[in-house]
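Some notes on the structure that comes next.
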Amino acid sequence: MGNSNSKDESSLEDFGIEYASAIESTSLVNIKDKYGLFIDGNFVDSSSGKSFKTLNPSTEKPLSVVTEASSDDVDRAVRSASVSYEKYWKKMPGADRARYLFRIARHLQERAREFAVLETLDGGKPIKESRDVDLPLAAAHFFYHAGWADKLEYAFPQRKLEPHGVIGQIIPWNFPLLMAAWKLAPALACGNTVVLKPAETTPLTALLLAEVIRDVDLPPGVVNIVTGAGETGSAIVEHPEVNKLAFTGSTEVGKLIQRSAVKRNLPLTLELGGKAPHIIFEDAALDQAVEGVINGIFFNQGHVCCAGSRLLVQESIADYFIDRLQKRIELLRVGNPLDKNTDIGAINSLAQLERIDQLVKAGIDEGAEVFKPSCSLPENGYWYPPTVLTGVQQSHRVAREEIFGPVLVVQTFRTAEEALEKANNTPYGLSAGIWTEKGSLIHWMAERLRAGVIWANTFNKFDPTSPFGGYKESGFGREGGMQGLAAYLKNSGGNS
Ligand code: NDP
């Protein structure tokens with residue numbers, strides 16, 4: 001990959017050092033020609049015989065063929081989960097459920113490299129992220145929830161709680177394995193059984209997880225994984241024997257699911273979109289803040305619901321800060337996601353690439369100035385360079401809509417009150433970041449920001465003990481921590 005620098009920054013090339021790629025081997029990964037649906041502990045065909053391809057977005061080459069679950073298949077999966085709930089899982093002591101979760105966690109650790117490479121191949125994210133973030137966190141979620149499985153009565157003292165039964169879970173394409181872990185681990189720890197649907201463009205690590213689930217001898221039907229597109233998801237949502245739904249994805253689909261759940265008074269958690277403000281005050285440690293902003297928006301190509309996609313920078317330092325930011329962006333390596341030096345990988349799908357492009361064009365049409373670094377992009381595959389839009393007004397689409405790509409939108413402010421006003425001026429409320437040396441200002445802002453997760457002098461820190469979730473159109477309910485656990489339990493004889 002080409003990688004040039006702005007005039008006053010030194011590059012490796014200036015010192016006569018050539019950049020050498022470090023490509024992760026794919027030999028550990030054995031991708032099958034075709035994958036079945038994971039129902040009742042076995043990989044099975046669809047009743048309709050339909051299937052679809054999953055691609056490597058960095059090459060556009062097909063990786064495998066995946067079975068498309070029809071509503072009959074979803075029905076089979078729900079019935080299996082229902083039987084398994086009554087027959088095994090509901091009766092099993094928490095300490096025994098914990099053993100299974102610990103086993104899954106350990107298998108994930110043992111096969112971490114294989115999972116990481118597969119995640120990168122199917123989704124396009126840099127190997128250093130799937131290796132250092134997705135995999136350790138996915139294992140950590142199973143470990144954490146395994147610890148709770150036999151202690152639920154201490155987690156919620158004075159309350160008589162029980163599992164919901166069969167849970168329908170629908171996850172997106174940006175963190176395929178991690179989202180599966182976020183959803184499965186607490187559901188299983190609390191004694192529920194599950195039907196889970198991964199996203200159409202990234203089903204492979206969920207299917208590898210299905211193999212792990214089979215290898216640890218989880219009773220058949222406790223976890224069922226059905227692949228397919230929106231219709232398959234919709235069949236889960238509408239199924240009368242599903243007792244609770246958990247969804248992560250777009251606000252648009254989240255609203256459809258909410259409508260359906262409300263009609264049946266079904267418990268629901270929704271983790272939806274975001275347009276997080278990343279607020280930089282003039283007294284902040286600016287070099288660290290630049291790194292925080294880079295991580296906040298370019299991590300996972302910006303395909304992150306809590307991405308710090310709106311930079312709010314104090315006017316007195318705006319020119320300096322944007323200049324530092326642009327110089328740092330020139331140094332980012334965009335390209336082969338399997339290269340351990342890559343900072344920004346491939347955009348997950350052509351549809352997402354077109355959406356990013358369309359929104360950036362809309363921003364330029366509305367008067368924004370665009371900065372893109374001078375890096376070249378690979379010929380094949382779906383790529384978008386790290387991009388900064390300045391001169392953005394609050395009314396512009398790029399300031400209001402989730403772009404879900406490597407695009408940072410910049411606005412300025414003069415006072416903390418103005419920063420707060422602009423930060424909260426969004427239908428979303430998932431996350432926010434604050435950079436300042438003043439502890440009192442951090443507290444003042446954090447109390448007033450309408451966001452479920454607030455980071456101070458850092459960004460994108462995740463931990464299974466810490467609840468994650470949003471306000472307003474970013475959804476409701478929490479995942480992680482005791483709050484996340486509580487969503488998978490209900491009062492005995494009633495709803496949660
Ligand atoms: P979706 O909300 O469509 O996808 C999320 C999941 O829901 C996928 O598994 C999807 O299946 C499934 N799904 C789609 N339609 C239905 C339905 N009617 N009933 C039940 N399940 C359904 O997101 P997209 O992939 O279309 O992305 C569009 C935009 O959403 C992005 O540009 C981004 O802005 C935002 N987004 C936000 C995410 C977040 O984490 N907050 C994650 C993903 C997207 P399938 O993929 O197979 O169609």
Side-chain angles (χ1 to χ4, degrees), residues 50-55 57 66-69 71 74 122-123 125 168-176 178-180 182-183 195-206 225-239 242 245-261 266 268-276 299-307 309 347-360 382 384 397-398 400-407 427-431 452-453 460 462 468-470 472-477 479:
K50 285 189 186 165
S51 59
F52 59 95
K53 283 183 190 152
T54 181
L55 304 178
V66 178
T67 303
E68 182 179 323
S71 53
V74 169
D122 203 20
K125 64 173 71 194
Q169 303 185 323
I170 297 165
I171 56 172
W173 42 262
N174 51 348
F175 292 93
L178 185 57
M179 286 303 108
W182 274 33
K183 297 242 174 324
V195 177
L196 176 131
K197 190 194 90 67
E200 198 181 351
T201 59
T202 54
L204 295 187
T205 45
I225 298 182
V226 289
T227 41
E231 276 179 33
T232 307
S234 182
I236 297 176
V237 170
E238 300 299 333
H239 199 288
V242 167
L245 291 165
F247 172 79
T248 298
S250 62
T251 297
E252 193 188 348
V253 174
K255 283 180 181 172
L256 289 178
I257 292 177
Q258 187 176 11
R259 259 179 230 132
S260 173
L266 214 57
L268 170 69
T269 40
L270 291 178
E271 202 265 271
L272 309 176
K275 192 75 185 172
F299 171 60
N300 200 29
Q301 294 75 247
H303 302 327
V304 185
C305 46
C306 57
S309 53
I347 298 302
N348 184 266
S349 65
L350 181 59
Q352 191 58 27
L353 179 61
E354 286 171 353
R355 183 177 154 78
I356 296 167
D357 198 41
Q358 188 198 56
L359 273 163
V360 171
Y382 313 131
Y384 205 86
R397 273 183 75 192
V398 286
R400 292 181 287 115
E401 292 182 32
E402 186 178 41
I403 301 175
F404 223 62
V407 181
Y428 295 109
L430 192 54
S431 69
V453 181
N460 273 343
F462 305 99
F468 182 95
K472 302 191 280 186
E473 298 218 349
S474 292
F476 48 78
E479 292 187 300

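Every value quoted in this text rests on a predicted model; they were computed, and no experiment measured them. Both ligands and their constituent atoms are indexed starting at 1 by order of listing.
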Side chain of [X], backbone of [Y]: donor and acceptor closer than 3.5 Å?
X: N174; Y: N300; value: no
X: T251; Y: E473; value: yes
X: H303; Y: F404; value: yes
X: Q301; Y: G405; value: no
X: S474; Y: G273; value: yes
X: K275; Y: E401; value: yes
X: K183; Y: I171; value: no

- Query: Any N/O of I170 closer than 3.5 Å to an N/O of ligand 1?
  - Reply: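 No, there is no polar N/O contact under 3.5 Å.
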- Item | Backbone or side-chain N or O of I257 under 3.5 Å from ligand 1 N or O |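 No; the residue has no nitrogen or oxygen that sits under 3.5 Å from a nitrogen or oxygen of the ligand.
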What atoms of ligand 1 come closer than 4.0 angstrom to any heavy atom of [X]?
X: T248; result: 5 (C), 40 (O)
X: S234; result: 19 (N), 20 (C)
X: Q352; result: 31 (C), 32 (O)
X: P172; result: 42 (C), 43 (C)
X: C305; result: 39 (C), 40 (O), 41 (N)
X: I171; result: 6 (C), 8 (C), 9 (O)
X: E402; result: 33 (C), 34 (O), 35 (C), 37 (C)
X: W173; result: 24 (P), 25 (O), 27 (O)

- Task: Answer with side chain, backbone, both or neither: which part of R355 has a heavy atom less than 4.0 angstrom from an atom of ligand 1?
- Result: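 Side chain only.
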- Task: May I ask you to identify, for E231, whether its side chain, its backbone, both or neither come under 4.0 Å of ligand 1 on a heavy-atom basis?
- Result: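 Contact part for E231 vs ligand 1: neither.
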To which of [options] does the heavy atom nearest [atom] belong?
atom: atom 11 (O) of ligand 1; options: K197, E68, E200; answer: K197
atom: atom 36 (N) of ligand 1; options: F404, F52, F175; answer: F404
atom: atom 16 (C) of ligand 1; options: V253, T227, L270, L272; answer: V253
atom: atom 13 (N) of ligand 1; options: S474, G230, G233; answer: G230
atom: atom 23 (O) of ligand 1; options: G273, S250, A351; answer: S250

- Message: Below 4.0 Å from ligand 1: does a non-hydrogen atom of F247 turn up there or not?
- Response: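 Within the 4.0 Å threshold, so yes.
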- Query: What do you reckon, does G228 put a non-hydrogen atom under 4.0 Å from ligand 1?
  - Reply: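 It does, in that a heavy atom of G228 comes within the 4.0 Å cut-off of ligand 1.
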- Message: With no hydrogens and no angle check, just 3.5 Å: does a side-chain donor-acceptor pair link T67 and K50?
- Response: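 Per modelled atom types, T67 and K50 side chains form no pair under 3.5 Å.
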- Message: With no hydrogens and no angle check, just 3.5 Å: does a side-chain donor-acceptor pair link T54 and D122?
- Response: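 Yes, D122 and T54 have a side-chain donor paired with an acceptor closer than 3.5 Å.
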- Task: Check A307 against A276 and note the closest heavy-atom contact, atom names and distance.
- Result: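 Distance-wise, the nearest heavy atoms are O-CB, 3.1 Å.
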- Message: Before we go on, tell me: are the rings of W182 and F468 under 6.0 Å apart, centre to centre?
- Response: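 Yes, they do, as the ring centres are separated by less than 6.0 Å.
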- Distance below 4.0 Å between atom 47 (O) of ligand 1 and any protein heavy atom?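 Under 4.0 Å from atom 47 (O) of ligand 1, at least one protein heavy atom found.
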- Query: Quick one: does atom 26 (O) of ligand 1 have a protein heavy atom under 4.0 Å from it?
  - Reply: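 No.
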- Message: Between L268 and F476, does the side chain to side chain contact (heavy atoms under 4.5 Å, CB included) criterion hold? Intermediate values first, please.
- Response: CA-CA 8 Å; L268 170 69; F476 48 78; 3.9 Å; yes
- Message: Starting from atom 18 (N) of ligand 1, what is the nearest protein heavy atom, named by residue and atom, and what distance separates them?
- Response: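 Checking every protein heavy atom, the shortest distance to atom 18 (N) of ligand 1 gives L256 CD1, 4.0 Å.
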- Yes or no on side-chain hydrogen bond (donor to acceptor under 3.5 Å, both in side chains) for S260 and E238, after CA distance, side-chain angles and deciding distance? CA-CA 7 Å; S260 173; E238 300 299 333; 3.1 Å; yes
